[in-house]
Amino acid sequence: MNPERGPDVLAYLARRLGYYVVLLLVAVCLSYALAATALQPRAYFEARQPPPRPAAVQAQLAELGIDDHTPLYDRFGRWAAHAVRGDLGRTIDDTSVSDEFGRRVGVSLRLLVVGTAAGTVAGILAGAWTAVRQYRLSDRLVTLTSFLLLSTPVFLLAVLLKIGAIRINQALGTDLIQFTGEKTPGLQGGWAAHARDRAVHLLLPSLSIGLITLATYSRYQRSTMLDVLGSDYLRTAQAKGLTRRRALLRHGLRTALIPMSTFFSYNFLAVFTGAIFTEAIFGWHGMGEWLVASIGKDDVNSVVAVSTFAAVVVLLSGFVADLLHAALDPRVRHS
Amino acid sequence: MNGRPGDPVLDIRGLHVDFAGVPAVRGVDLALHRGEVLGLVGESGSGKSVTALAAMGLLPGGAGVRGSVRLDGTELVGAGDAALSAVRGNRIAMVFQDPLSAFTPVYRIGDQIVEALRTHQDLSRERAAERAVELLDLVGIPEPRVRAAAFPHEFSGGMRQRAMIAMAMANDPDVILADEPTTALDVTVQAQVLDVLRTAQRETGAALLLVSHDLGVIAGTADRVAVMYAGRIVETAPVDALFARPRMPYTLGLIGAVPRLDADAEGRPEPLVPIPGAPPAPAALPPGCAFAPRCPLAEDRCRTAEPELAAAAGEPHLAACVRAGEVSGLRPLDVFPVPAADSPARGAAGGRPDGGSVLRVSGLARTFPLLKGAVFRRRVGSVHAVDGVDLDIRAGEVLGLVGESGSGKSTTLFEILELRPPERGSVEVLGRGTDALTRREAHALRAQVQIVFQDPMASLDPRLPVGDAIAEPLRAQRADRDRIARRVPELMRQVGLDPAHGDRFPHEFSGGQRQRVGIARALAVDPRLLVLDEPVSALDVSVQAGVLNLLLRLRAELGLAYLFVSHDLSVVRHIADRVSVMYLGRTVEAGAVGEVFARPLHPYTQALLSAVPLPDPVRERARARILLPGDPPSPTRRLSGCPFRSRCQVFAALPEPRRERCTTEAPALAEQGGDHVAACHFPAARAVV
Amino acid sequence: MATAPEALLAGADTDDGLMAGPPSRARVTLHRFAAHRTAVAGLAVLLLLFVLAFAGPHLTRWSYSDIDYTALRSAPSARHWWGTNRIGQDVFAQTVRGLQKSLIIGLLVGVAATGGAAVVGACAGYFGGWTDRLLTFVTDLLLIFPGFLVISVVSPRLKGGGWLVFAFLLAFFAWMVTARVVRSMAISLREREFVRAARYMGVGPLRIIARHIVPNVASFLIIDATIAVGSAVMSETALSYFGFGVQPPDVSLGTLIADGTGAAVTYPWMFFFAAGLLVVFVLAVNLVGDGLRDAIDPTSDRRGRSPRTRRGGKAAAR
């Protein structure tokens, strides 16, 4: 009844966003402090063959802004001053972190978006369907499968998918399923061939992310749906003459979607972690693979960049969850 | 009260319902005729709601239904979902108990009514929306066009129930089933909703089945009554006959157990008649009559075979009792004995006890910030939950604090019990102001003031054996082990529990017994003042009477003072010496119970009293009701002048020039003779009971 | 996330209102659990796995570090029950040893994370105000802070008893989601009448938390701890797979799977015993958790699980 509702919601979301920014800043500072003190780029350079002169190492470290002899807050100050202008510093191989970031971020996001989107939709449908068919054979089969998927760590699932693909390829005698990298290097042909090639490469990594998302969502949706099945308003919907199926779809499923929004952010955390392993196993040059490689190379600036990206993604998913919640639940919008 | 033309529109025959083999309804016959109101009464678990739901085919999947439910000759038991859907909402409509959970939270009220319309009628969306607004208008929702666009959570409880009735009326049904339609509502709102329900029935000409546990509601609304006990109908009769000359001892006990607002000839309430024991477990029914174990009149033949529902020579008055003929004409007290100690022992009427003051509250206020936002909360206003409360209790006295939900009763209690300096005003417990207590003193004072909560299940930790629960205040006051070991069995005996059950968990007790545990816990440290927050409102009538009698006895034995908070004026009438009425966080009237109930001065008190239904159809029909319009205004806005004037019948009748005083000046509590005080500019006594 | 725990709380209220002396809560729970066939099967499998992990090393004459130069990459045989790996180590000895390590880490992490979550969540929820704000901020911060980073930087430098530190780190990054749930349960418990009653009787706040709050979230905590064991094992193996977890010469299921992956197609025994045991273990834990939920929570009619069951490395890369 209140015409000022719209701005209320916006103000609420703006406050959430403000809180997230504070969280993000603290998280970035902590990540930097940790990476800069725990990683040892000096040792990385000194271990090179042939061993470089100490002065050269010192000069290189100073140049990259990762000299452990400089006080931590000086290093952080220099890094932060560049970072606010969009310059995330140099990698340990003296290339631009921001450029590397730009190259890799798309790779990761493609994988995450395709995998989660497909998994979410399929999971919600499977969950709603099994809830309605509780205890039937189909429910039991889906339940068992999702339990099995949920009990397989994502790295193992990726490895198993890969082994399965090798077997299939061997059996068919062709390279039907490609699973290394994002595309076939040097592929000839038109855009259609390129699109097909990318799709084939996307298959296994998306499956390993999507299947697990599907399993989690289907379990959770089944449970929220079962909560709703005994609700008074579902009974009211039937009391006014809706058939059970129509009442379930229009009133049950719609309401059972609300708690899923909270779940969205938690799930995304898990998916994002899984993606690190997926990328590394399938040779996708994304952010996850970068993180694993950078830690191995004691590459401070790259590690901080990936950590920041991770924090941003997690917070964004939290923000999207807030938006979804507000969109799905009028009680949040109008209170 | 019209005749019954032809065949019943809804005919239930031999209805049996069981859940996983446990019977809930055991052979119910009911016939509903066009235009009549049939009241179905029973305590919780008697199977009355299950009967209504079974008639609609709305029981959950695990329920086994046998028997026959015919709607104008069409059999509904065993019909498929498609066939039932065509009937539901169209020819039989239902109004549910809890109107908040009965609406889908994510759709607008108007849209939900439109859906009901368009499911059964070929209407355009616009036409249906138009019709929905008309229906909302018909049930008395102000600004129906605007309100149709609101979501369920934006409606008050009373408005939601009106909207629910509008939805039930949408397709002009032949039968309306109302399952406890006013149970969750305040008494003034209950009066409004019952009024709307009667309107709906008149408009549609439907037969109305009114399911309720409240004998007062039934007495005022129904033409015929059926009483259920343990899944069967044990008595059915026209409403006057049933209340005047019940033939089944259970009905008689039920009528005797209800506290009444009206008093007997001497102006004193009759003692309440508790029915001993508790209803039987559906899984372990006794052989023979299900009521026999609780019935003082039971004979051997009662315990062998279950009596049929039978009439005495062609009358429409049926009872399932072998001694029905003897029961007819008896009074509750003739059948159910009340232990002498349990009857109300009042001091001399009129005078107040001379003991010192145990509680004195004056001008108490408490505001809560109205917050928005989840993380960085900001204050967007204030809720004036308590805004000027005066209370005064002397040793050994019972003060009833009444008011509807949101009137600030509970906040007042909690403010007193926190024992900290109040935001405004003063609180004195046993003569000590709470604004100057050290922590140690406050802790010691806690032993003098104890609380009993409304819901005995919620107020006992489910993981703590009741013996430990009773010992908790003793432990908090650092009593030694021996004293605790002695005191706990003593307390249990005192409240009528078996001390051997101290190691049991709360869920192993019945509701009434749990409340006795709560009372024992409160008594453990020998308090002077007991604060009782709606102590019997979660209990069934027959059990409630026993707990009320216990409270009366304890008060007489121990010289306790009670602050008894309740929304139920009949209960207050029965137990309290003095009463204080709250509206929107303020005390609006206070005085001796007999005086205030007989000569209420404040228009709100008058409306409140007039809205309480009497379990007596003859008197109920003779009463003129004051229907308050709308809901109380939100406590977030502080009105200038008298806060009650927006709903006040006196204000509405005033000529314009005299109204000004009400709109500009807030009335203060003023003496109106003796210690009867009221906060009204134009007090005029009016008998409403 | 709110549904399941709220339902649990509500479940405590279910009241038959009868005096017939219903069986005690523990017996009802046990009975319901026993009626859950898959959960009982899961429990049996778990017990077998524990026996295998702790008795297994004594059944074979090979130690996990022994090298049999006469049998490189040999298929399962009477001499080497589950075959040998490429440098001639006995796969059975290695797998049971890895299983043992994974089980211990999983148990430690599950119990520690749930315990920490209970303390933080109960305090934040009960005290409210600034305590709540501070604890909530820390919880949120750790949720977005990449724990993966800390663990992967620290673990490779750990020697000897380093797996204990590793387990501690896993637990340190695994309690936040549970703490949030406990917090919301504690908030609603704080307003419950029995807690109010205790407060008005003069019972102190810490005593209220210990006597009333924690016992009333205990059923959720038991379920959560069970499932946390499963996810801790998944985190541990995932990190170990990439060399960020258990360090050689010690082995865990994760390092064994990492070693065997390359040979999975040609020498399947090097891979599938470890991988299979891992999946079977986590599956059994999840089934037991599911059964416990149904048994403890009277309102759940064999409902689905809450999203507590999480992917590998859940704890790690936040």
Side-chain angles (χ1 to χ4, degrees), chain A residues 19 23-24 26-27 30-31 34-35 38-39 127 130-131 134-135 143 147-148 150-156 159-160 163 166-167 170 212 216 218-227 259 262-263 266-267 269-274 276-277 280 288 291-292 295 303 306-307 310-311 314-315 318, chain C residues 1-4 7 38 137 140-141 143-146 148-150 152-154 156-157 177 230 233-235 237-238 241-244 254 257-258 261 264-265 271 275 278-287 290 299-307 309-318:
Chain A
Y19 175 68
L23 268 180
L24 178 65
V26 177
L30 280 178
S31 305
L34 188 89
L39 295 175
T130 49
Q134 199 185 4
Y135 302 145
T143 300
F147 263 113
L148 207 56
L150 286 171
S151 305
T152 315
V154 75
F155 78 93
L156 186 57
V159 169
L160 289 174
I163 294 171
I166 295 174
R167 285 271 162 82
Q170 280 174 347
I212 277 164
T216 1
S218 74
R219 294 304 299 161
Y220 196 58
Q221 180 71 62
R222 179 175 181 273
S223 137
T224 62
M225 194 75 184
L226 284 180
D227 283 343
T262 328
F263 177 48
Y266 289 125
N267 184 61
L269 286 171
V271 169
F272 188 76
T273 312
I276 297 179
F277 305 123
L291 179 62
V292 175
I295 292 172
V303 166
V306 185
S307 305
V314 169
L315 285 179
Chain C
M1 205 75 194
T3 345
T38 46
F137 186 82
D140 287 347
L141 188 64
L143 267 177
I144 67 161
F145 188 74
F148 183 92
L149 178 65
V150 182
S152 52
V153 170
V154 174
R157 301 193 180 139
V177 177
V233 169
M234 292 204 283
S235 304
T237 48
Y241 180 87
F242 286 95
F244 298 138
I257 292 170
T261 303
V265 179
F271 174 76
L278 172 61
V279 174
V280 167
F281 172 70
V282 182
L283 181 64
V285 165
N286 284 341
L287 290 177
D290 198 50
T299 62
S300 89
D301 189 27
R302 308 194 60 182
R303 66 176 45 162
R305 302 177 317 158
S306 87
T309 325
R310 210 44 63 60
R311 294 316 46 260
K314 150 203 165 183
R318 300 275 168 76

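Computed from a prediction, not measured in an experiment: that's the story for all the values here. Every chain is numbered from 1 and lettered A, B, ... according to where its sequence line falls, protein lines coming before strand lines.
How far CZ of Phe242(C) is from CD1 of Ile276(A): 8.5 Å, rounded to the nearest 0.5 Å. Taken to the nearest 0.5 Å, the OG1 atom of Thr152(A) stands 8.0 Å off from the CG atom of Leu283(C). In this structure, CZ in Phe147(A) is found 3.5 Å from CG in Asp290(C), a value given to the nearest 0.5 Å.
Heavy atoms closer than 4.5 Å to chain A are found nowhere in Val280(C), neither backbone nor side chain. Of the atoms belonging to Phe137(C), heavy atoms from both backbone and side chain fall under 4.5 Å from chain A. If you measure heavy-atom distances from Leu23(A) to chain C, the contacts under 4.5 Å come from both the backbone and the side chain. Contact annotation for Val303(A): only side-chain heavy atoms (C-beta onward) come within less than 4.5 Å of a heavy atom of chain C. In this structure, chain C has no heavy atom under 4.5 Å from any part of Gln221(A).
The shortest non-hydrogen separation linking Leu141(C) to Ala27(A) is CD1-N, 3.7 Å. Nearest approach of Ile257(C) to Phe155(A), heavy atoms of both residues: CG2-CE1, 3.9 Å.
Among the candidates Leu156(A), Val292(A), Leu24(A), the residue making the largest number of heavy-atom pairs closer than 4.5 Å to chain C is Leu156(A). Per-residue counts of heavy-atom pairs under 4.5 Å with chain C were compared for Leu34(A), Val306(A), Thr130(A), Ile166(A); the largest is that of Leu34(A).
Partner of Leu315(A) under the side-chain contact (heavy atoms from CB on, under 4.5 Å) criterion, out of Asp140(C), Ile144(C), Leu143(C): Ile144(C) alone.
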